[in-house]
Amino acid sequence: MSAPDAAAPTANPAPAGAPASDPNAPPQQGQPQAEEQDEAAEEQDRPQDAWSSRRELAHHAPPALRIGSGAGFGGALVTGDQHGVSGGRVAGDVIMGSKTEIWQLGPPAPHASGEVPAARLERLAESFVTDEGPFEALAGRLREERVLVVRGAASTGRRTAALMLLRRAGAASVRSLLRDRPPAELAAQLDAEQQRAERDRAEDAPTAGPVGYVLCDLMADRTRPLREPHLLAVRERLAAHDGYLVVTVGPTAVLEEVDPVGWQPPSVAEVLTAHLTAHLRVGAPARTTCEEYAARESARLLALPVVTGFLARDHQLREAAAFSSALARHAAGRLPEEELDAFSLGALESQVREWFEEDEAALPLRDKAFLISLAAFDGGPYALTAELSDRLYVELLRTQRPHAAADVPVFGTHIGKRLQLARAERRQAEEATEWGPVRQWVAAFRDDRAALVLLRELWTGHPSARPALVRWLRALAEDGRPLVRTRAAATTAVLAHADLPSTMALLVEEWAASPRYRHRMVAANALALAHFVGAPNVPRVLDGWSQGEDRPMRWVAIRTHALIGPERPAHTLRVLRTVIRKEYEESRRDDPPSPLDEVMVEELAGAVELLLLSEARETVLGELLATYEVDRPARDLALTGFLRACGRGAELRTDPETGLGPGPGDEERPEEEHPPGRPLVLDWYREAAADPATAWAADGLARLWRAALGDSSYSRTALEVLRMWVLAAAHRQDVEWALAALLPALVAKEQDALRLAHLLRTMPGEDGAPPPPVAARLLTVVPTAGRPVPQPR
């Protein structure tokens with residue numbers, strides 16, 4: 001367990017509606033107790049070591065921002081896709097994005113309707129995909145009952161299904177009814193329609209069979225539910241005048257004693273294929289038949305990488321229909337390839353903009369808060385996401401209605417409906433905790449780009465939401481759970497990529513200047529992740545802070561350098577040497593000289609430790625060997641960091657991909673993949689010594705070991721690390737042989753041999769037991785006067 005986790009404060013953050021930092025907030029009950037808890041939290045506040053901090057980032061950051069994932073923004077890219085594209089037109093029958101609203105002054109018609117053009121019905125029939133058996137059974141039910149209620153999620157083709165049901169039932173024409181009338185007025189709507197039909201007959205308007213009516217997205221809520229008597233009255237009207245009605249409703253519509261039909265949409269691939277084939281039939285060359293050309297060209301286009309990539313993402317049926325039109329235009333040479341590539345991300349951006357629109361069909365504010373929380377905790381526990389979304393909802397209410405009391409419903413929308421609305425999924429997964437892996441229900445967007453796009457759109461497109469979001473993120477940074485703090489940092493990183501100056505001023509600089517280490521660690525993690533996703537000028541910010549006089553910001557700069565240092569190890573080591581020399585100089589300036597800031601020195605050593613255990617380890621080793629003897633500060637930095645790195649892994653299993661020990665939630669791996677008790681630096685020495693090309697690294701590691709053992713300031717620590725290695729060798733023969741190869745290289749003079757021999761003879765075993773047998777075997781390889789050094793087998 002890392003230090004901050006073990007000492008996590010028990011105080012809960014101030015209520016989101018009235019944080020303690022707000023001077024205008026009303027007094028809260030129990031305020032003295034809260035102040036006492038804050039004081040206790042201050043006393044328990046301790047810096048977390050850099051190794052544990054990097055491990056938390058590796059285990060708790062969102063998948064798109066994890067270290068080494070290769071995902072992120074790059075210029076105008078989101079995880080490798082173009083972001084912010086204005087090209088990529090969407091043409092045809094499906095329109096995505098902003099809507100144009102037309103305001104009509106004057107009283108509307110009480111029950112207006114309009115006929116769906118027959119040509120449109122024919123086009124829909126050409127590309128309609130369904131399972132014929134169940135669909136024909138539904139059409140038969142409609143003929144018998146005259147009225148049918150179809151329930152399904154938005155953008156799943158339920159309106160098209162309703163039109164095709166009416167057509168299959170035998171309706172000669174189809175009229176669309178207004179959706180904003182109460183369910184109790186349905187019968188009156190049909191009466192008005194019959195009166196209109198009688199006027200048409202009086203004017204010799206042609207009539208050719210039954211009339212079908214479609215009412216899409218009926219607004220049925222708790223104040224005006226759709227009840228069975230409403231449908232019985234409608235059925236009487238329809239039977240009297242030979243008509244049919246299909247009503248479509250969403251998952252949250254309130255129905256009483258009504259048996260709806262659950263609409264099961266076809267797959268996106270089926271819809272894309274059907275629509276593309278229909279488009280290609282129209283554009284078939286004269287020298288070939290429509291069907292042959294459409295089949296051949298459709299197979300070719302569907303095999304394109306851009307199409308397989310589109311189908312691999314989570315897309316709605318309306319987006320598939322629109323993409324088919326774009327694909328047909330691309331095949332005809334009327335749409336550039338780059339615009340076709342940008343279509344998938346453009347559809348996602350349109351969906352995000354729709355979520356945040358304010359119109360009659362807008363999402364409730366609480367649902368918008370859930371979407372934002374899901375973006376921050378994508379792939380995290382659903383219960384945690386929902387809990388913190390309600391905190392954000394309170395903050396948004398505070399911005400929208402500052403003088404009204406926040407009203408948070410205790411019980412809300414069912415989890416399934418909530419995730420369906422967010423185009424997300426729920427699954428069981430192991431979640432990392434400080435107590436080990438815990439299996440939980442997690443929630444994640446089905447499209448892994450959605451979280452990044454949503455947060456960027458929120459921060460740059462809706463600045464009025466910034467105050468609430470900033471207050472929410474500040475509260476998350478105070479949370480005692482590592483996952484919550486890490487996600488606060490990751491969310492801030494995405495915001496920094498979108499707008500670095502505002503994010504620095506509103507969040508990062510405040511955390512970085514805080515006297516509390518918990519805030520500073522969130523600032524460092526946010527800057528590191530922002531750098532990983534391509535935010536500009538982060539190294540420049542760190543270089544400025546590391547040279548500045550503000551010590552908390554200097555600490556944050558060092559921690560962030562440790563996290564991003566493997567990208568530019570030589571520069572990072574120069575910065576670390578400059579800072580430690582500055583620390584020594586400030587200590588000597590005092591009269592009398594003051595002791596060094598131990599926390600700052602430990603942080604500098606932790607940065608060297610991370611660099612030595614990173615993929616840039618050989619470059620780091622070369623830099624240390626070239627500079628550690630220049631002066632005392634450089635020597636202390638190198639040896640302290642080196643011994644910390646040597647002590648890492650003796651009691652850990654390590655991940656071969658990240659070089660990190662297991663965090664909570666790691667899956668068990670085969671014994672040979674990361675065996676227990678293998679010290680990381682000793683393993684490095686063994687590999688380097690076995691390869692002539694890297695033999696210099698083995699010599700360099702032994703050189704640093706000799707320097708540490710020969711320095712009275714470090715010999716005790718170095719011997720303790722060697723003791724840990726010997727205990728590890730008691731459990732693993734490969735560690736024993738690696739240590740047997742290293743020990744002779746640590747002897748440069750007789751005193752070195754005596755020191756090592758004394759350690760091996762007198763070291764205690766595990767739990768105070770006598771020295772393990774491996775110590776006696778290793779003693780035989782330590783050179784002594786007049787005795788040759790045995791060579792390990």
Undergrad: Less than 6.0 angstrom from the centroid, inside 45 degrees of the normal: does Arg686 satisfy that with respect to the ring of Trp737?
TA: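 No - Arg686 does not lie over the ring of Trp737 by the 6.0 Å and 45° rule.
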
Undergrad: I'd like to check Leu704 versus Tyr628 (side-chain heavy atoms, cut-off strictly below 4.5 Å). Are they in contact?
TA: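 SC-SC contact between Leu704 and Tyr628 confirmed.
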
Undergrad: Less than 4.0 Å between a side-chain N and a carboxylate O, is that true for Glu478 and Arg516?
TA: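 Counted as a salt bridge, because a side-chain N and a carboxylate O are separated by less than 4.0 Å.
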
Undergrad: When the ring centroid of Trp511 is compared with that of Trp555, is the distance short of 6.0 Å?
TA: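 They do not qualify: ring centres at least 6.0 Å apart.
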
Undergrad: Within a 6.0 Å radius of atom NE2 on His571, are there more than 12 heavy atoms belonging to other residues, nucleotides or ligands?
TA: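 Result for NE2/His571: enclosed.
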
Undergrad: Can you tell if the side chain of Arg568 reaches within under 4.5 Å of the side chain of His561, non-hydrogen atoms only?
TA: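 They are in side-chain contact.
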
Undergrad: Does the pair Arg581/Glu586 count as a salt bridge with the N-to-O cut at 4.0 Å?
TA: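 No, no charged N to carboxylate O under 4.0 Å.
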
Undergrad: Search all heavy atoms of Gln547 against all heavy atoms of Thr578 and return the closest pair with its distance.
TA: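 It is NE2-CG2, 3.4 Å.
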
Undergrad: Decide yes or no on side chain to side chain donor-acceptor pair (under 3.5 Å) for His519 and Glu510, but give the supporting numbers first.
TA: CA-CA 8 Å; His519 296 160; Glu510 178 180 317; over 6 Å; no

Undergrad: Does a salt bridge link Arg554 with Glu583, judged by any charged N lying under 4.0 Å from a carboxylate O?
TA: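 Salt bridge flag = yes for Glu583 with Arg554.
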
Undergrad: With sequence neighbours left out, what residues match Glu598 under salt bridge (charged side-chain N to carboxylate O under 4.0 Å, His left out)?
TA: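 Salt bridge (charged side-chain N to carboxylate O under 4.0 Å, His left out) list for Glu598, sorted by chain: empty.
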
Undergrad: Mind running side chain to side chain contact (heavy atoms under 4.5 Å, CB included) on Arg723 and Leu719 for me, showing each step along the way?
TA: CA-CA 6 Å; Arg723 174 183 171 272; Leu719 290 172; over 6 Å; no

Undergrad: Does the salt bridge (Lys or Arg N to Asp or Glu O under 4.0 Å) test come out yes or no for Arg487 and Asp378, once each step is laid out?
TA: CA-CA 9 Å; Arg487 291 306 181 93; Asp378 189 27; over 6 Å; no

Undergrad: With heavy-atom distances below 4.5 Å as the criterion, would you say the side chains of Val608 and Thr640 are in contact?
TA: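 No; the side chains remain at least 4.5 Å from each other.
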
Undergrad: Can you measure from OG1 (Thr492) to CE (Met504) and round to the nearest 0.5 angstrom?
TA: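 Answer for the OG1-CE pair, Thr492 versus Met504, is 11.0 Å.
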
Undergrad: Taking Arg485 for its side chain and Gly480 for its backbone only, find out whether a donor-acceptor pair lies under 3.5 Å.
TA: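 Such a contact is found between Arg485 side chain and Gly480 backbone.
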
Undergrad: Is Asn537 reaching over with its side chain to a backbone N or O of Arg540, donor-acceptor style, under 3.5 angstrom?
TA: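 Answer holds: no.
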
Undergrad: Side chain to side chain contact (heavy atoms under 4.5 Å, CB included) for Trp725 and Val735? Distances and angles first, verdict last.
TA: CA-CA 8 Å; Trp725 285 12; Val735 175; 5.6 Å; no

Undergrad: Locate the shortest heavy-atom distance separating Ala698 from Tyr685; write the atom from each residue and the value.
TA: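 In this case the closest contact between Ala698 and Tyr685 is O-CE1, 3.3 Å.
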
Undergrad: Tell me, do Val681 and Leu613 make a side-chain contact under 4.5 Å, heavy atoms counted?
TA: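 Sidechains of Leu613 and Val681: in contact.
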
Undergrad: Working to the nearest 0.5 angstrom, can you tell me the gap between Leu701 CG and Leu682 CG?
TA: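 Nearest 0.5 Å value for the CG-CG distance: 9.5 Å.
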
Undergrad: Does the distance from a Lys or Arg side-chain N to an Asp or Glu carboxylate O, for Asp479 and Arg518, drop under 4.0 Å?
TA: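 No, no charged N to carboxylate O under 4.0 Å.
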
Undergrad: Rounded to the nearest 0.5 Å, how far apart are OG1 of Thr572 and CD1 of Ile558?
TA: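 Answer for the OG1-CD1 pair, Thr572 versus Ile558, is 11.5 Å.
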
Undergrad: On a heavy-atom basis, which atom in Val556 and which in Trp545 lie closest, and how many Å separate them?
TA: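 Shortest heavy-atom separation between Val556 and Trp545 comes out as CG1-CZ3, 3.9 Å.
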
Undergrad: Going by heavy atoms in the side chains, are Arg574 and Pro569 under 4.5 Å from each other?
TA: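 Arg574 does not reach Pro569 side chain to side chain.
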
Undergrad: Is it the case that Ser502 and Arg466 place a side-chain donor and acceptor less than 3.5 Å from each other?
TA: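 Yes, because at least one side-chain N or O of Ser502 sits under 3.5 Å from a partner of the opposite role on Arg466.
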
Undergrad: Report yes if some heavy atom in the side chain of Thr627 is under 4.5 Å from a heavy atom in the side chain of Leu637; otherwise report no.
TA: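 Side chain of Thr627 against side chain of Leu637, heavy atoms only: no contact under 4.5 Å found.
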
Undergrad: Hey, could you give me the CE/OG distance between Met521 and Ser514, rounded to the nearest 0.5 Å?
TA: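 So the CE of Met521 and the OG of Ser514 are separated by 10.5 Å.
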
Undergrad: Ignoring hydrogens and angles, tell me if any N or O in the side chain of Thr503 forms a donor-acceptor pair with the backbone of Leu495 under 3.5 Å.
TA: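 Yes; judged by distance alone, with no hydrogens or angles, the pair exists.
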
Undergrad: Can you name the closest pair of heavy atoms from Ala493 and Val533 and give their distance?
TA: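 Taking every non-hydrogen atom into account, O-CG2, 4.3 Å.
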
Undergrad: Is there a side chain to side chain donor-acceptor pair (under 3.5 Å) between Tyr714 and Asp636 once you walk through the steps?
TA: CA-CA 9 Å; Tyr714 297 100; Asp636 288 345; 2.7 Å; yes

Undergrad: Is Asp752 salt-bridged to Arg706, going by a charged N under 4.0 Å from an acidic O?
TA: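 Salt bridge between Asp752 and Arg706, a charged N being under 4.0 Å from a carboxylate O: no.
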
Undergrad: Kindly indicate, with the supporting measurements, whether the criterion side chain to side chain contact (heavy atoms under 4.5 Å, CB included) is fulfilled by Leu743 and Leu746.
TA: CA-CA 5 Å; Leu743 289 177; Leu746 303 186; 4.2 Å; yes

Undergrad: Do the side chains of Trp705 and Cys646 get nearer than 4.5 Å, heavy atoms only?
TA: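 Cys646 reaches Trp705 side chain to side chain.
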
Undergrad: Show, in sequence, the C-alpha distance, side-chain angles and deciding distance for Leu388 and Trp472, and conclude whether the side chain to side chain contact (heavy atoms under 4.5 Å, CB included) test is met.
TA: CA-CA 9 Å; Leu388 297 176; Trp472 185 62; 4.1 Å; yes

Undergrad: If I compare all heavy atoms of Ala530 with all of Val538, which pair ends up nearest, and what's the gap?
TA: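 Closest pair (atom of Ala530, atom of Val538, distance): CB-CG2, 4.5 Å.
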
Undergrad: Rounded to the nearest 0.5 Å, what separation is found between the CG atom of Leu739 and the CG atom of Asp734?
TA: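 Rounded to the nearest 0.5 Å, the CG-CG separation comes to 11.5 Å.
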
Undergrad: Is the closest basic N to carboxylate O distance between Lys582 and Asp597 below 4.0 Å?
TA: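 A salt bridge is absent here (no side-chain N lies under 4.0 Å from a carboxylate O).
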
Undergrad: Could you list the residues that satisfy side chain to side chain donor-acceptor pair (under 3.5 Å) with Arg520, not counting sequence neighbours?
TA: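 Here no residue qualifies.
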
Undergrad: So does Glu585 pair up with Arg588, basic N to acidic O under 4.0 Å?
TA: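 Answer for the salt bridge query: no.
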
Undergrad: Please round to the nearest 0.5 Å and tell me the distance separating atom OG1 of Thr491 and atom CZ of Phe377.
TA: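 Answer rounded to 0.5 Å: 6.5 Å.
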
Undergrad: May I ask you to decide whether Glu750 forms a salt bridge with Arg755, counting only side-chain N to carboxylate O separations under 4.0 Å?
TA: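 Salt bridge flag = no for Arg755 with Glu750.
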
Undergrad: Has Ser587 got a side-chain atom pairing as donor or acceptor with Tyr584's backbone, closer than 3.5 angstrom?
TA: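 No; zero donor-acceptor contacts below 3.5 Å.
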
Undergrad: For a quick test of reading the model, state the closest non-hydrogen atom pair linking Ala702 to Ala745 and the distance between them.
TA: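 Minimum heavy-atom contact is CB-CB, 4.0 Å.
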
